[in-house]
Amino acid sequence: YNPNYTFEPNSPVVIAKELSIKFSNKLLSINFVDATFKNQIIDNNSALTIDFNPSNPLLDINLLSNALINEEITNLLSQYNIVVPFSQVEGKIKSRVDIQIDLVTDLISTKAIFKSKHTVFNFNDNNITINNALLHLDNLNLSLKHSDIIINNNNIEGSAYGDINLKDE
């Protein structure tokens, strides 16, 4: 038996070898064992937590992976108003994504950390090689910490850091 979970109706499923389910003090925790999402491995420390506290019910989604940010991942994130303005062409990114949804107001809060030793992204039809990347996402604010960058189409090399507001205006 392979249990599965979908984040949204009509979205791809997370398939796991096993699920660990615990309910205590109005808190339901679901942990996946040997789970995959669109053939990408999800770390066993990933979890879904639902807090049934009547004054502030919350859904927490904590995903840890070492994966490629492909179209399936960006489509899933867009359902939670997380805009990823690039596609990943090569490499893997170690990521921790925390999504918190207030079940009364439907407000969504996101935080994430992305790390990679070597990866290639396509952004505005330019391949960008990034080495030693560290990105922090806090809702719609993306911070790039010091990273070595090569823009392949223009033979530009350098270091980069900075903040990007991903708000779609």
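Numbers here simply count residues along the sequence, with the first being 1. These values consider heavy atoms only, across backbone and side chains, with no hydrogens, waters or symmetry-generated copies. Every value quoted in this text rests on a predicted model; they were computed, and no experiment measured them.
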Within-4.5 Å side-chain heavy-atom neighbours: Thr49 and Asp51: no
Lys/Arg-Asp/Glu bridge criterion (N-O < 4.0 Å) met for Asp138, Lys111: yes
OH (Tyr161) with more than 12 external heavy atoms under 6.0 Å: no
Pair Asp163-Ser143, side chain to side chain donor-acceptor pair (under 3.5 Å): steps then yes or no: CA-CA 4 Å; Asp163 298 318; Ser143 295; 2.6 Å; yes
Stepwise side chain to side chain donor-acceptor pair (under 3.5 Å) test for Asn124 and Asn126: CA-CA 6 Å; Asn124 287 339; Asn126 287 300; over 6 Å; no
Of Ile149, Leu134, Ile164, the residue whose pairing with Leu144 passes side-chain contact (heavy atoms from CB on, under 4.5 Å): Ile149
Atom pair OG (Ser116) and CG (Asn131), whose distance is rounded to the nearest 0.5 Å: 8.0 Å
Check: Ser147 side chain, Lys145 main-chain N or O, donor-acceptor pair, under 3.5 Å: yes
Euclidean distance, Leu137 CG relative to Ser95 OG, rounded to 0.5 Å: 11.0 Å
Under 3.5 Å side-chain donor-acceptor pair for Gln88 and Thr119: yes
Side-chain donor or acceptor of Asn25 paired with backbone N/O of Leu27 under 3.5 Å: no
ILVMFWY cluster, Leu19 and Ile50 together (side-chain gap under 4.5 Å): yes
Leu58 vs Asp102 side-chain heavy atoms within contact, under 4.5 Å: yes
Passing option when Val120 is tested against Val89, Ile150, Ile128 for side-chain contact (heavy atoms from CB on, under 4.5 Å): Val89
Atom CG of Leu103: over 12 foreign heavy atoms under 6.0 Å: yes
Side-chain (Thr105) to main-chain (Leu107) donor-acceptor, under 3.5 angstrom: yes
Main-chain N/O of Gln100 paired to Ser109 side chain as donor or acceptor, under 3.5 Å: no
Distance in Å, Glu18 CD paired with Asn31 CG, rounded so as to fall on 0.5 Å steps: 11.5 Å
Ile93 side, atom CD1; Ile130 side, atom CD1 - distance, nearest 0.5 Å: 8.0 Å
Heavy-atom pair of closest approach, residues Ile42 and Thr36: CD1-C, 4.1 Å
Inter-residue atom distance Arg96.CZ - Asn45.CG, 0.5 Å rounding: 8.5 Å
Linked, directly or transitively: Val14 and Val33 (ILVMFWY side chains, under 4.5 Å): no
Non-hydrogen side-chain atoms of Ser65 and Lys92 separated by less than 4.5 Å: no
Spacing of CG belonging to Leu68 relative to OG belonging to Ser87, to within rounding of 0.5 Å: 9.0 Å
Nearest atoms (heavy-atom pairs only) where Ile108 meets Asn139: O-OD1, 4.0 Å
Phe32 with Ile15, same ILVMFWY side-chain cluster at under 4.5 Å: no
